Amino acid sequence: MARNAPSHAPSYPDDPALAAALRPWQPPASPGKGGGSKAFSLRDFDPAAKPFSVGDKAASKAAVDVLAGELDALQNLFYADKRYKLLVILQGMDTSGKDGTVRGVFGRMSALGVRVVGWRAPSETERAHDYLWRIHQQVPAAGEVAVFNRSHYEDVLVPVVNGWITPEDHRQRLAHINDFERMLTETGTVIVKFMLHISKDEQRKRLQERLDDPAKHWKFDLSDIAARKQWDDYQRAYEALLPATHTAWAPWTIVPADSKTHRNLMVATVLRAVLQRLDLRYPPGDPALERFTVE
C-alpha cells in the first residue's frame with residue numbers, strides 16, 4: 001500500500017549550482033497560452049556543447065558509470081518509499097539518442113521498478129479516443145519510474161508538421177498538455193522532460209551508420225528520410241512547444257546530444273538531483289518483527 005504522496009510533487013532542482021548550470025539549457029516560459037515564443041530559437045543552443053563535461057571522453061564515461069550506480073541505489077529507495085511516481089520524457093529528432101539514453105542511464109536500474117514505454121503511431125482503438133487517453137494509461141504507479149521514449153509531445157509535432165490540425169487545435173493541445181501534467185504532479189508524479197538536441201549533420205552521420213552497420217541496419221526506415229526532409233519544420237514545431245510547455249511543475253531541459261557520452265552524463269546528473277531532492281526513506285518496519293528471529 002502506497003503511503004500518502006505530497007499534494008504537489010516538487011520541481012527540480014534545489015541545488016543552486018546545478019540550477020544555474022541548467023538555466024542556459026532551458027527554454028523561456030511562453031508568455032501566452034501556447035504557441036511558443038517568437039524570441040526562442042533552437043539555433044541558440046549548440047548541440048555539440050558539453051556544459052557538464054568533467055574532462056576527456058574517458059573521464060566522462062567513468063562519471064556516467066558512477067552516476068548509473070548511484071541512480072540504481074536511489075531507484076531502489078524510490079521503489080520502497082512509494083510516495084512518488086517518476087515520469088521521464090525523452091524527446092528528440094530521429095537518431096538523437098533516446099534508445100541510447102535508456103541503455104546508458106537506466107540500464108543498471110532494477111526492472112522491478114523501471115518501465116520503458118516506446119511510443120509509435122496510435123492504433124485504430126487509440127485514435128477512437130482523445131489523444132491523451134493512451135498516454136494516461138502508461139503513466140507510472142507509486143514507486144515506479146516510467147521512461148517515455150517519445151511521448152504525448154508527438155501529438156504537437158507530427159500533426160503540426162504535416163498540417164493535420166489547425167493552429168487553434170495546436171494551441172488547445174498545448175494547453176491540454178500543461179493541464180494534464182499539472183494534474184499528474186498534483187497527485188505525486190515528478191515529471192522530468194529532456195529534449196535531446198542534435199545537429200542535422202550529426203543526424204546524417206548516424207543515419208548512414210545505420211545503413212552501413214549490419215547490427216544497426218534493422219533500425220533504418222525510409223520514414224526517417226522523409227522526416228529528415230522536414231527538418232526545419234520539426235525544429236519550428238519544437239520551438240513552439242518547448243516554451244509553451246516549460247512550466248514550474250514540468251520544466252524542460254535541452255540536452256546537447258551530438259556527444260553520446262555527454263548526453264548521458266547530463267541526463268544522469270539531473271536525475272540524481274531530482275531523486276536526491278525527494279528526501280526518500282524506507283517505510284517503517286512492522287513492530288511485530290522487531291524481535292523476530294529466523295530459525
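Residue numbers start at 1 and run along the sequence shown. Fair warning: this is a prediction, and the values are worked out from it, not measured in the lab.
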- Answer with yes or no whether the hydrophobic clustering places L132 together with V117; edges join I, L, V, M, F, W, Y residues whose side-chain heavy atoms lie under 4.5 Å apart. yes

Q.
Are L241 and V161 connected into the same hydrophobic cluster when the rule is that any two of I, L, V, M, F, W, Y join if their side-chain heavy atoms are below 4.5 Å apart?
A. yes

By side chain to side chain contact (heavy atoms under 4.5 Å, CB included), L222 pairs with (sequence neighbours left out) F220

Between the CG atom in D46 and the CD1 atom in I254, the distance rounded to the nearest 0.5 Å is 12.0 Å

Applying ring pair (Phe, Tyr, Trp, His ring centres under 6.0 Å) to W231 and not counting sequence neighbours gives none

Residues H197 and P47: closest non-hydrogen pair is O-CB, 3.3 Å

Closest non-hydrogen atoms of S60 and S53, given as atom of the first, atom of the second and distance, are OG-OG, 3.8 Å

Going by atom type alone, with no hydrogens or angles, which donor-acceptor pairs under 3.5 Å involve a side-chain atom of residues 265-276 and a protein atom two or more places apart or on another chain?
from: T269; atom 1: OG1; to: L265; atom 2: O; distance (Å): 2.7
from: R272; atom 1: NH1; to: E70; atom 2: OE1; distance (Å): 2.8

Backbone of T187 reached by a side-chain donor or acceptor of K85 within 3.5 Å
yes

Review point. Quick check: does any side chain N or O of K216 sit under 3.5 Å from a backbone N or O of E209, one acting as donor and the other as acceptor?
Key: no

By salt bridge (Lys or Arg N to Asp or Glu O under 4.0 Å), R228 pairs with (sequence neighbours left out) none

* To do: Show the numbers, then the answer: is there a side chain to side chain contact (heavy atoms under 4.5 Å, CB included) between W133 and T125?
  => CA-CA 10 Å; W133 176 78; T125 298; 4.3 Å; yes

Notebook entry, point to check: Quick check, are the ring centers of W252 and Y153 under 6.0 angstrom apart?
Noted result: yes

Check: Any donor-acceptor pair under 3.5 Å linking the side chain of N178 with the backbone of A244?
Finding: yes

Students should find that the hydrophobic cluster of W218, defined by side-chain heavy atoms under 4.5 Å apart, otherwise consists of none

Below 3.5 Å, can you tabulate the donor-acceptor pairs from side chains in residues 102-115 to any protein atom, sequence neighbours excluded?
from: R108; atom 1: NH1; to: D65; atom 2: O; distance (Å): 3.1
from: R108; atom 1: NH1; to: D65; atom 2: OD1; distance (Å): 3.1
from: S110; atom 1: OG; to: L112; atom 2: N; distance (Å): 3.0
from: R115; atom 1: NE; to: E144; atom 2: OE2; distance (Å): 3.0
from: R115; atom 1: NH1; to: Q138; atom 2: O; distance (Å): 3.2
from: R115; atom 1: NH1; to: Q138; atom 2: OE1; distance (Å): 2.7
from: R115; atom 1: NH2; to: Q138; atom 2: O; distance (Å): 3.0
from: R115; atom 1: NH2; to: V139; atom 2: O; distance (Å): 3.3
from: R115; atom 1: NH2; to: E144; atom 2: OE1; distance (Å): 3.1

Hits for ring pair (Phe, Tyr, Trp, His ring centres under 6.0 Å) against Y238, two or more places apart or cross-chain, chain-then-number order -> none

Across all chains, not counting sequence neighbours, the side chain to side chain contact (heavy atoms under 4.5 Å, CB included) partners of T293 are none

Query raised in the report: Would you call the rings of H152 and F148 parallel, tilted or perpendicular, where under 30° means parallel and over 60° means perpendicular?
Result: perpendicular

Using the rule that two of Ile, Leu, Val, Met, Phe, Trp, Tyr join whenever any of their side-chain heavy atoms come within less than 4.5 Å, decide whether Y84 and L77 are in one cluster. yes

Sorted by chain and residue number, the side chain to side chain contact (heavy atoms under 4.5 Å, CB included) partners of Q208 (sequence neighbours excluded) come out as L211, D212

Self-check item: Residue pair D130, H176: steps toward the side chain to side chain contact (heavy atoms under 4.5 Å, CB included) verdict
Solution: CA-CA 11 Å; D130 69 86; H176 287 162; over 6 Å; no

Salt bridge (Lys or Arg N to Asp or Glu O under 4.0 Å) filter on K61, not counting sequence neighbours, yields none

*Are R83 and R281 side-chain neighbours, meaning at least one heavy-atom pair lies under 4.5 Å?*
yes

| said: Using side-chain heavy atoms (C-beta onward) and a distance below 4.5 Å, is H136 in contact with M183? | reply: yes

Distance col, row R236:CZ vs S41:OG, nearest 0.5 angstrom, shows 10.5 Å

Self-check item: Face-on cation placement of R150 at W119 ring, 6.0 Å and 45° thresholds
Solution: no

OG1 (T95) and CG (L196) are apart, to the nearest 0.5 Å, by 10.5 Å

* **Side chain proximity check, L184 to W249, heavy atoms < 4.5 angstrom** => no

Nearest heavy-atom approach of P283 to A80 is CD-O, 3.4 Å

Tell me whether K50 forms a cation-pi arrangement with F52, defined as NZ or CZ under 6.0 Å from the six-membered ring centre and within 45 degrees of its axis. no

d(L280 CG, Q75 CD) to nearest 0.5 Å is 10.5 Å

Linked, directly or transitively: I135 and Y131 (ILVMFWY side chains, under 4.5 Å) = yes

So CD of E202 and CG of L207: to nearest 0.5 Å the spacing works out to 10.0 Å

Of all heavy-atom pairs linking E181 and I89, the shortest is OE2-CD1, 4.1 Å

Taken in chain and number order and not counting sequence neighbours, the residues that satisfy ring pair (Phe, Tyr, Trp, His ring centres under 6.0 Å) with F78 are none

V160, W164: one ILVMFWY side-chain cluster at the under-4.5 Å cut-off? no

**Study point:** Flag side-chain contact, heavy atom, 4.5 Å: Q230 against N162
**Key:** yes

Exercise for the section: Taking Q203 for its side chain and D94 for its backbone only, find out whether a donor-acceptor pair lies under 3.5 Å. Expected result: yes

Sorted by chain and number, sequence neighbours left out, salt bridge (Lys or Arg N to Asp or Glu O under 4.0 Å) with E124 holds for none

Shortest non-hydrogen pair, R127 vs P122, comes out as NH1-O, 2.8 Å

Q91 side chain near L157 side chain, heavy-atom distance below 4.5 Å: yes

With side chain to side chain contact (heavy atoms under 4.5 Å, CB included) as the criterion, how do I198 and R206 come out once you've worked through the C-alpha distance, each side chain's angles and the decisive distance to 0.1 Å?
CA-CA 11 Å; I198 62 167; R206 294 183 186 183; 4.0 Å; yes

E239 and R43 have their tightest heavy-atom pair at OE2-N, 4.4 Å

Please examine the side chains of R173 and D155, heavy atoms only from C-beta on, and report whether any two atoms are closer than 4.5 Å.
yes

If you count the non-hydrogen atoms of other residues, nucleotides and ligands that lie under 6.0 Å from NZ in K57, is the total more than 12?
no

Could you check whether any side-chain heavy atom of T189 comes within less than 4.5 Å of a side-chain heavy atom of L86, counting everything from C-beta outward? no

- Query: Quick one: are P27 and M195 in side-chain contact, heavy atoms under 4.5 Å?
  - Reply: no

NZ (K193) and CG (L90) are apart, to the nearest 0.5 Å, by 13.0 Å

